[in-house]
Amino acid sequence: MAAHNPTSAVRVRFAPSPTGELHVGNIRTALFDWAYARHTGGTFIFRIEDTDTERVTPEYIQAALNTLTWLGLDWDEGPEVGGPNGPYLQSERLHIYAEWAAKFLSQGDAYHCYCSAEELEKVREDQRKANVAPGYNGHCRELSSDQVAAYLAQGRKPVVRMRMPDGSTTFTDLIRGEVTFEHKFVPDFVLVRADGSPLYTLAVAVDDILMKVTHVLRGEDLLSSTPRQLRVYDAMGVNPNDYPLFAHLPFVMGQDNAKLSKRNGETSIAWYRDAGFLPEAICNYLALLGWSPGDDRENVTMKELTELFTVERVHSSPAKFDIKKLEAINGDKIRALPLEEFFTWAMPFLTRAGTIQGSDTEIALVKAALPIIQERIVTLGEIPGLLNFLFVKDFAIAEDSREKILDEQSKQVLTVSVQRLSGLGEWKHEAIEAVLRTALIEELGLKPRFAFSALRIAVTGSHISPPLFESMELLGAEKSLERIRAAM
RNA sequence: GGCCCCGUCGUCUAGCGGCCUAGGACUCUGGCUUCUCAAGUCAGCUACGAGGGUUCGAAUCCCUUCGGGGCUACCA
């Protein structure tokens, strides 16, 4: 439409309707909103669209706040932090919408519609049969006062419906270019329900104007509702030069090529958090869905994202969510973690799994053990499984590994190992390795792979474990020897 | 059905008329390394949906077609 005033500071909003846990698609939108605000030095507004009182719950609203906070997507205006354009919950702004609806009515931009749900459904059905574009037929556009009186006498309660003028709406989408909708395909739409509550179409437009939003970055599903939104701006008397700019983001799809939803794979961000994915990995991966830095780099920090992110580099085609790549990025991020941070992330997983209780000795052991598993995990959720052998009270060898050390040669390995290790002065992994290599590899001529495998199973209980000698050092001489003897 | 959006390796993408016998990453396959698993490293597989134009030249521009998706609510 018109060029936007370049001197005004960027204001973008993320405005979810919390009818469930925030999911991957929502968060990708939030991330782009946030990144764009930070990139431009603008303002990031967080608004809750809870006009659908049937489906939105306080729990979901709180969960949405928690999720954004956990991801590090901090907002400048919104719930908890407030701001000059609040309140930021639409349920607290009902009087504002009512005022505007009344104004539209008095201006003739909107009118009362008395059609019942059944009547409307009948019209739509007929339209479908006749192969005509379905939509409101304008029945109540020009009612006489007698007709109105008759409807009211029947006890009908009207909705407020916006009048869509003849013609068309053209606007420039920052991602898709110029888009035009003929108004004959954009029927008159409802602004206010019969019970007086506002609909999304009214609330979203009023709030974006009142909150001085300059850029609307949102899902592609809202593309076709944009003409209605512009119609409300017009009725509000807003100068087209002051309309926000729109950018409709491509979808994030599930494996079956349908828009990602609750029924289509793990979508809730809470699930990924509990599985041990880092916020930065989730954001990094999501940023790559529909956007790229332009060069071959893919591992970006949050800071780099805010520096590099532009709407121009967002492309228009949908992307399929691939957990494999998320895992790869998560593994990279975990490996890059300084020990202290890795420890901080790891602790909740260990305590929640019951691997440790949290004593000082346990914590010291965890800190010593983390370096040897840091490069072998993809999610934090794998930590308890790998370190369990260090803390477990009633140690036992896993069923599938037990049978691998029942042969005579394995027994020989264990016997010799106990003999040599018992006299070891310094229980350090270098010394342990040296003694065992001499005894088992050089003197007995065994294959390292075979000899150490038997010991690994005896000591850690599994044929898959962190490096053997480091594991033995951490476990301590007493327990290590005890377990090897028990395995014999 | 109508309207709108979209279409490069299996997946995410680079590409914006010649640098493309199409590059990177993930996945997968094989090798190296190796005390297992990882990590690291090397190599390989595989793509411009199709058909017409425009042009000296097209993944890049235009048209058609096919395919996918969204919307079509007193949901958002």
Side-chain angles (χ1 to χ4, degrees), chain A residues 15-17 19 49-52 54-56 113 115-117 120-121 124 127-136 157-161 173 175-176 179-182 184-187 189-195 197-201 203-204 218-227 248 250-251 253 255 257-259 285 288-299 315-329 331 335 373-378 386 401 433 436-437 440-441 447-457 460 462-469 471:
Chain A
S17 179
T19 56
E49 310 228 322
D50 54 350
T51 52
D52 184 353
E54 302 271 305
R55 297 159 66 211
V56 176
C113 171
C115 297
S116 68
L120 293 174
E121 183 47 45
R124 274 195 291 271
Q127 286 166 330
R128 262 192 290 272
K129 276 183 197 148
N131 245 339
V132 176
Y136 187 63
K157 290 236 189 316
V159 301
V160 177
R161 200 178 276 280
D173 183 282
I175 293 171
R176 289 149 215 284
V179 182
T180 298
F181 288 88
E182 298 292 333
K184 62 182 170 184
F185 303 119
V186 186
F189 55 97
V190 177
L191 297 170
V192 181
R193 295 185 181 89
D195 67 3
S197 62
L199 270 87
Y200 168 79
T201 344
V204 71
R218 53 163 25 166
E220 184 191 334
D221 49 338
L222 271 353
L223 183 61
S224 49
S225 84
T226 307
H248 288 92
F251 285 126
M253 317 287 270
Q255 287 311 308
N257 242 345
K259 188 182 156 197
Y285 174 64
L288 265 17
L289 258 28
W291 175 85
S292 76
D295 51 24
D296 284 340
R297 129 174 70 175
E298 294 211 314
N299 190 317
H315 60 89
S316 47
S317 52
K320 208 177 282 187
F321 185 85
D322 178 18
I323 196 170
K324 288 287 187 194
K325 184 141 184 174
L326 205 210
E327 287 173 345
I329 290 176
R335 266 169 254 132
I373 63 164
Q374 188 164 13
E375 71 177 24
R376 6 183 75 78
I377 59 170
V378 156
L386 277 174
S401 296
E433 177 168 6
L436 291 176
R437 277 193 188 279
L440 303 173
I441 314 305
K447 287 246 187 293
R449 190 187 188 86
F450 170 79
F452 296 141
S453 176
L455 272 169
R456 178 189 315 286
I457 290 168
T460 70
S462 167
H463 62 280
I464 296 174
S465 82
L468 176 62
F469 312 114
S471 295

N or O in side chain of [X] less than 4.0 angstrom from [N] OP1/OP2:
| X | N | answer |
| --- | --- | --- |
| A:Ser465 | B:rC37 | no |
| A:Arg124 | B:rA73 | yes |
| A:Arg297 | B:rA25 | no |
| A:Ser225 | B:rC71 | no |
| A:His315 | B:rU13 | yes |

Distance check needed: [N] [atom2] versus [X] [atom1], whole Å only.
| X | N | atom1 | atom2 | value |
| --- | --- | --- | --- | --- |
| A:Leu222 | B:rA73 | CG | C1' | 14 Å |
| A:Tyr285 | B:rU27 | OH | P | 12 Å |
| A:Phe452 | B:rC37 | CZ | P | 15 Å |
| A:Lys320 | B:rC12 | NZ | P | 6 Å |

On RNA chain B, nearest-nucleotide positions of A:Phe469 versus A:Thr51: which is more 5'? A:Phe469
Kindly point out which of B:rC74, B:rG24, B:rU27 is positioned nearest to the side chain of A:Lys325? B:rG24
If you go through the side-chain atoms of A:Arg456, does one of them form a donor-acceptor pair with the base of B:rC35 closer than 3.5 Å? yes
Do A:Arg161's NZ or CZ and the ring of A:Phe189 fall within the cation-pi criteria of under 6.0 Å and 45°? no
